[in-house]
Trainee: 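Starting off with a structure, shown below.
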Amino acid sequence: MTRSELAAAGASLKKGILLGIVFVGLNILDAQLTGTALVLGASEFNPIAATGFGSSMLLKGLSAIVIVIALLFFRRGNLLKWLSLGMLLIVLWNVFAIWSWS
């Protein structure tokens with residue numbers, strides 16, 4: 001590998017790690033907001049998360065870390081940008097829902 005290829009790979013990995021941190025953080029925030037919304041009387045839309053998984057910050061954080069590691073291992077870190085964007089939209093939806101019920 002040439003020096004420029006190594007530099008590009010290093011930059012890509014750094015970007016992937018940063019996006020991974022954002023993705024994990026958004027998942028944990030989503031779990032916290034979901035728990036708050038459930039206390040306020042909301043119902044979970046996701047049937048898998050409706051079992052209690054959706055409001056567990058530990059489980060959401062660990063599953064997000066596993067996803068990030070797998071994507072970086074298989075060199076698919078660019079997907080983290082889209083996953084993070086999706087999680088951001090979910091977090092914003094939860095914030096809006098909690099704000100409208102308060």
Side-chain angles (χ1 to χ4, degrees):
M1 232 182 214
T2 66
R3 210 177 272 235
S4 62
E5 289 173 332
L6 286 174
S12 178
L13 182 61
K14 287 180 186 178
K15 181 180 174 185
I17 291 171
L18 179 62
L19 286 170
I21 291 169
V22 169
F23 180 68
V24 171
L26 286 170
N27 269 280
I28 292 170
L29 181 58
D30 172 52
Q32 177 65 36
L33 291 171
T34 299
T36 302
L38 291 173
V39 168
L40 291 173
S43 57
E44 178 65 64
F45 287 145
N46 184 347
I48 295 171
T51 61
F53 170 75
S55 60
S56 170
M57 291 191 315
L58 178 62
L59 288 176
K60 288 275 290 202
L62 289 175
S63 63
I65 289 171
V66 169
I67 290 169
V68 168
I69 290 171
L71 288 174
L72 292 176
F73 181 77
F74 291 111
R75 299 178 192 252
R76 298 289 183 246
N78 56 343
L79 292 175
L80 287 168
K81 176 174 52 174
W82 300 109
L83 290 173
S84 295
L85 179 62
M87 283 309 303
L88 178 62
L89 293 174
I90 292 169
V91 165
L92 291 175
W93 173 265
N94 284 339
V95 168
F96 175 74
I98 291 170
W99 173 76
S100 67
W101 292 323
S102 299

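The first residue in the sequence is number 1, and the count goes up from there.
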Trainee: Assess whether side-chain contact (heavy atoms from CB on, under 4.5 Å) is satisfied between Arg76 and Leu79, documenting all intermediate values.
Mentor: CA-CA 6 Å; Arg76 298 289 183 246; Leu79 292 175; 3.9 Å; yes

Trainee: Taking all non-hydrogen atoms of both residues into account, name the closest pair between Ala64 and Asn27 and its distance.
Mentor: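 Closest pair (atom of Ala64, atom of Asn27, distance): CB-ND2, 3.7 Å.
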
Trainee: If hydrophobic clusters are built from ILVMFWY residues whose side chains come within less than 4.5 Å, do Leu71 and Leu62 share one?
Mentor: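 Hydrophobic grouping puts Leu71 apart from Leu62.
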
Trainee: Hey, what do you get for OG1 (Thr34) to NZ (Lys60), rounding to the nearest 0.5 Å?
Mentor: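 Those atoms lie 6.0 Å apart.
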
Trainee: Any idea which heavy atoms bring Leu80 and Leu72 closest together, and the distance?
Mentor: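 Residues Leu80 and Leu72, closest heavy atoms: CD1-CD2, 4.3 Å.
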
Trainee: State the CZ-CG distance between Phe23 and Asp30, to the nearest 0.5 angstrom.
Mentor: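 Answer rounded to 0.5 Å: 10.0 Å.
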
Trainee: When clusters are formed by joining ILVMFWY residues with side-chain heavy atoms under 4.5 Å apart, either directly or through shared neighbours, do Leu92 and Leu85 land in the same one?
Mentor: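 Hydrophobic grouping puts Leu92 apart from Leu85.
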
Trainee: When rounded to the nearest 0.5 angstrom, what distance separates CD1 in Ile65 from CD1 in Ile28?
Mentor: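 Going from the CD1 atom of Ile65 to the CD1 atom of Ile28 covers 6.5 Å.
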
Trainee: Are the side chain of Ser84 and the backbone N or O of Lys81 linked by a donor-acceptor pair below 3.5 Å?
Mentor: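 A pair under 3.5 Å: no.
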
Trainee: Minimum heavy-atom separation for Leu26 to Val91, with atom names?
Mentor: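 So the minimum-distance heavy-atom pair works out to O-CG2, 3.6 Å.
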
Trainee: From Leu18 CG over to Leu13 CG, what is the distance, rounded to the nearest 0.5 angstrom?
Mentor: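 Here the interatomic distance stands at 11.5 Å.
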
Trainee: Identify whether Met87 and Leu89 are in the same connected component of the hydrophobic contact network (ILVMFWY, side-chain heavy atoms under 4.5 Å).
Mentor: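 The answer is no; the residues belong to distinct hydrophobic clusters.
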
Trainee: Report the distance from atom CG of Leu83 to atom CD1 of Ile67, rounding to the nearest 0.5 Å.
Mentor: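 Reported value, rounded in 0.5 Å steps: 7.0 Å.
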
Trainee: Roughly how far, to the nearest 0.5 Å, is CH2 of Trp101 from CZ of Phe96?
Mentor: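 Result: 10.0 Å between the selected atoms.
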
